[in-house]
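In what follows, a structure is listed as C-alpha cells, so that the remarks can point back to it.
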Amino acid sequence: MSYAYDDSNIFARILRGEIPNKTLLETPHTLAFHDIRPQAPVHVLVIPKGKYVNFDHFAADASDEEIADFTRTAAEVCRMTGVKPGQGGQGYRTIANAGEHGVQEVPHYHLHILGGRVLGPMLKRAE
Ligand code: AMP
C-alpha cells in the first residue's frame with residue numbers, strides 16, 4: 001500500500017525550520033518537542049524526520065535504524081521529563097492518533113507522551 005504524504009503539514013514545516021518549536025531532543029532520525037497546546041504538565045510530541053503519515057506507515061516502511069532511533073528517543077523523553085514509573089516518576093501515556101476515526105489533526109506520524117498528572121480513563125465516549 002502506498003501512503004500520500006502532504007509536504008505542507010505543520011510538522012513538515014517544523015522539520016524544514018520554517019516555523020519554531022520548543023525542542024527537547026533531536027537525534028539523526030527523530031525530533032521531540034513540546035506540544036503547543038499541552039493537555040497535561042508533560043506533553044511532548046516525538047516525530048520521525050522521515051515522511052511518514054502515521055504509525056502503520058512508519059512501522060511498515062521505516063528502516064530498522066529509524067525505528068530504533070525513534071523508540072529510543074521516546075524512551076529518553078520519558079527519562080528527561082521524569083515521568084518513568086518506579087524511577088521517581090508516576091507514569092505516563094503514549095498516544096498515536098491515525099486517520100479520521102483516530103482524529104488525527106497533523107498528517108505526519110507523531111507519538112504524544114503525556115504525564116505529570118493522573119490522566120483519567122483511556123477514552124471518553126464520543127458524543
Ligand atoms: P493529533 O490530533 O494527534 O494530530 O495531534 C496534533 C498535535 O499537534 C496537537 O496536540 C496540537 O496541539 C499539536 N500542534 C499543532 N501545531 C503545533 C506546533 N506548531 N507546535 C507544537 N505542537 C503543535
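Remember, it's 1-based here, ligands and their atoms both numbered in the order they're listed.
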Tell me, with the steps shown, if E76 and K84 meet salt bridge (charged side-chain N to carboxylate O under 4.0 Å, His left out). CA-CA 10 Å; E76 180 61 10; K84 281 175 71 165; over 6 Å; no
Determine the minimum heavy-atom distance between P28 and D69, stating which atoms define it. CD-OD1, 3.9 Å
Under 4.0 Å from a heavy atom of [X]: give me the atoms of ligand 1 that qualify, with their elements.
{"X": "R37", "value": "11 (C), 12 (O)"}
{"X": "F33", "value": "21 (C)"}
{"X": "H112", "value": "1 (P), 3 (O), 5 (O), 7 (C), 10 (O)"}
{"X": "H34", "value": "21 (C)"}
{"X": "N97", "value": "1 (P), 2 (O), 3 (O)"}

Are any of the N/O atoms in I36 less than 3.5 Å from those in ligand 1? yes
Before signing off on this row, confirm whether Q104 and ligand 1 have an N or O atom pair separated by under 3.5 Å. no
protein heavy-atom neighbour closest to atom 6 (C) of ligand 1 works out as H110 NE2, 3.6 Å
Can we say E66 and K49 salt-bridge, meaning some charged N sits less than 4.0 Å from an Asp/Glu carboxylate O? no
Any side-chain heavy atom of F11 sitting closer than 4.5 Å to one from P107? no
Looking only at the side chains, is there a donor atom on one of [X] and [Y] sitting less than 3.5 Å from an acceptor on the other?
{"X": "H57", "Y": "Y5", "value": "no"}
{"X": "Y3", "Y": "D56", "value": "yes"}
{"X": "H34", "Y": "H43", "value": "no"}

Common cluster, F33/L24, ILVMFWY with side-chain heavy-atom separation under 4.5 Å: no
Please work out, at 4.0 Å between heavy atoms, whether the side chain, the backbone, both, or neither of V103 comes within that distance of ligand 1. backbone
Any heavy atom of D35 closer to ligand 1 than 4.0 angstrom? yes
Report yes or no: does K22 have a heavy atom closer than 4.0 Å to ligand 1? no
Counting heavy atoms only, which of I14, N9, N54, L111 comes nearest to atom 19 (N) of ligand 1? I14
